[in-house]
Amino acid sequence: MIDLATLKARDAATHAFNAWDDAAAFGTGPLAGTTAGIKANIAVAGLPWTAGMGHRQDVIATEDAPAVARLRAGGAAILGTLNMHEAALGATTANPFTGTTQNPHRIGHTPGGSSGGSGAAVAAGLCDLALGTDTLGSIRIPAAYNGVYGLKPTQGLIPDAGVVALEPAFDCVGPLARDLSVIERAMAAMAPSDHRRHELSRVLVLKDGGGVACEPDVADAHARAIAAIGMPVSEIALPAKASSIRLAGLLRCTGHLRAALGPLLERASPDLQRTVEAIEGKAIDSALPATVADWLVSALGEDGLLVMPTTPHAAFAHGTPAPASQADFTALASLAGLPALAVPSGRDALGLPVSVQLVGPARSEAALIALARRIEPALGGAIVPEPTP
């Protein structure tokens, strides 16, 4: 029996959910007993399918997206849909149409985005599993800010049908959870036959940290992760500035969004319109995403592991400017279409979660999860929010 009334009351402080399915129930299978929330740009039959956009507030999904259907077939109870940043283009989940989601570790702070409701819901214990989408970091950034695990799978591994796209070439559906075993079972349900065995044997790190300034506690977590992994380490240099790589990815996103929305973009919030215009005003090499993909795939080969911070900093307060660099590390795996796992790695001096990121070769999800499980004792595992007074 699922006590939705209690869950709804507990969500009042975080506003992770947008809509609830009052008929949610467990099925049978490997996910029986697992509760799940679904990002609002992924179709859940009978529930609003808004993608966080004003013009979609009355759109109701007529059928489950394949990823949702597979979770349901595995026995998971789909509780409802989760708040997100408008159009999946942003990392605060302060949404003018669907409300602002709070970080359960610090009310008044962002849970990240664009899958901010997904990160907040699993951190707060409102559901065991959440689905998000990741285009340039939108699963991994909320996982980092909320102290949970978040997996961006290999591009195309999980079907993206039933997803309101931001940039289909980069978009990935993936899971967030406190427990790696939940991530593992969710992946087995959503991508049951597409795993390869990888023996990861060497660590790569970015030369000079990729030129991205990190908070001291983030840098410390990165060093602790490398020590815990215990593999030979070598440096690789980015093929361009991290900020240019991120902007090249964002430019692809805004190009697709403008083409998809057409005149409906005028019905978006002023903030989203300004974001699109600002990105489109940048002069960026359009070949950079392909260059980055070739560079990273070649560097990793079949046995390499790139270890980076997930974000250069912890969560920040709502209403303050979002750090420009928050997707500098996450964009790399996205442009290359490679799997990346955000791993909670303790707290900063202010008590907010920090995270490291493991990036592996295509379809190395199982190896990344196994490695994260091995180093979990050294890094501490998922971080449970402290009870509010």
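Remember, predicted model here, so these are calculated numbers, not experimental data.
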In Å, rounded to the nearest 0.5 Å, how long is the span from CD of Glu365 to CG of Leu341?
9.5 Å

Hey, does Trp49 have a side-chain heavy atom less than 4.5 Å from the side chain of Ile60?
no

Looking only at side-chain N and O atoms, does Ser181 offer a donor or acceptor that is under 3.5 Å from a partner on Asp179?
yes

In terms of ring plane angle, is the pair His313 and Tyr145 parallel, tilted or perpendicular, where the classes change at 30° and 60°?
tilted

In terms of hydrophobic clustering (I, L, V, M, F, W, Y; side-chain heavy atoms under 4.5 Å; direct or indirect links), are Leu136 and Leu166 co-clustered?
yes

Run the numbers on His85 and Thr92 for side chain to side chain donor-acceptor pair (under 3.5 Å), then give the verdict.
CA-CA 6 Å; His85 202 98; Thr92 65; 3.3 Å; yes

Do Leu4 and Asp22 make a side-chain contact, defined as non-hydrogen atoms from C-beta onward lying under 4.5 Å apart?
yes

Test side chain to side chain donor-acceptor pair (under 3.5 Å) applied to Glu302 and His198, step by step:
CA-CA 7 Å; Glu302 290 295 315; His198 284 81; 3.2 Å; yes

How many angstroms lie between atom CD1 of Ile375 and atom CG of Leu358, to the nearest 0.5 angstrom?
5.0 Å

Is there a path of hydrophobic side-chain contacts, each under 4.5 Å between heavy atoms of I/L/V/M/F/W/Y residues, joining Leu379 to Val307?
yes

I need the minimum non-hydrogen distance between Pro312 and Val212, along with the two atoms involved.
CG-CG1, 3.7 Å

Please tell me whether Lys39 and Ser118 have a donor and an acceptor in their side chains that are separated by less than 3.5 angstrom.
no

Around atom CD of Gln273, are there more than 12 heavy atoms of other residues, nucleotides or ligands at under 6.0 Å?
yes

Gap between atom OG1 of Thr110 and atom NE2 of His318 - 0.5 Å precision:
4.5 Å

Around atom CG of Asp208, are there more than 12 heavy atoms of other residues, nucleotides or ligands at under 6.0 Å?
no

So do the side chains of Met53 and Phe97 get within less than 4.5 Å of each other, counting heavy atoms only?
no

Those residues that, when tested against Glu376, pass salt bridge (charged side-chain N to carboxylate O under 4.0 Å, His left out) (two or more places apart):
none

Considering all heavy atoms, the nearest Leu176-Gly132 contact:
CD1-N, 3.9 Å

Name each donor-acceptor pair under 3.5 Å that joins a side chain in residues 64-80 to protein atoms two or more places apart or in another chain, with its distance.
residue: Asp64; atom: OD1; partner: Ala45; partner atom: N; Å: 2.8
residue: Asp64; atom: OD1; partner: Arg72; partner atom: NH2; Å: 3.1
residue: Asp64; atom: OD2; partner: Arg72; partner atom: NE; Å: 2.7
residue: Asp64; atom: OD2; partner: Arg72; partner atom: NH2; Å: 3.2
residue: Arg70; atom: NH1; partner: Met190; partner atom: O; Å: 2.6

For Arg252 and Ser286: C-alpha separation, side-chain torsions, deciding distance, then whether side chain to side chain contact (heavy atoms under 4.5 Å, CB included) applies.
CA-CA 8 Å; Arg252 286 276 296 272; Ser286 62; over 6 Å; no

Quiz question: by atom type and distance under 3.5 Å, do the side chains of Ser334 and Arg140 form a donor-acceptor pair?
yes

Between CZ on residue Arg246 and CZ on residue Phe329, distance to nearest 0.5 Å
11.0 Å

Short N-O contact, Asp11 and Lys8, less than 4.0 angstrom:
no

Between CD1 of Ile245 and CH2 of Trp295, what distance do you get to the nearest 0.5 Å?
6.5 Å

From Asn41, Asp160, Asp171, residue fulfilling side chain to side chain donor-acceptor pair (under 3.5 Å) relative to Thr133
Asn41

Which atom names give the shortest non-hydrogen contact between Pro104 and Ala123, and what distance separates them?
CG-CB, 3.7 Å

Qualifying residue for side chain to side chain contact (heavy atoms under 4.5 Å, CB included) with Leu300, from Leu305, Leu204, Ile236
Leu204

Do Ile2 and Leu7 have side chains that approach each other closer than 4.5 Å (heavy atoms only, starting at C-beta)?
yes

Do we see a donor-acceptor contact under 3.5 Å between the side chains of Asn83 and Thr98?
yes

What's the spacing between Met187 CE and Leu180 CG if we round to 0.5 Å?
12.5 Å

Taken in chain and number order and not counting sequence neighbours, the residues that satisfy salt bridge (charged side-chain N to carboxylate O under 4.0 Å, His left out) with Arg267 are none

With the side chain counted from C-beta on, respond yes when Gln357 and Met308 share a heavy-atom pair under 4.5 Å apart, and no when they do not.
yes

Closest non-hydrogen atom pair, Thr34 against Arg185
OG1-NH1, 3.3 Å

For residues Leu338 and Leu151: do they belong to one hydrophobic cluster (side chain heavy atoms under 4.5 Å, members Ile, Leu, Val, Met, Phe, Trp, Tyr)?
no

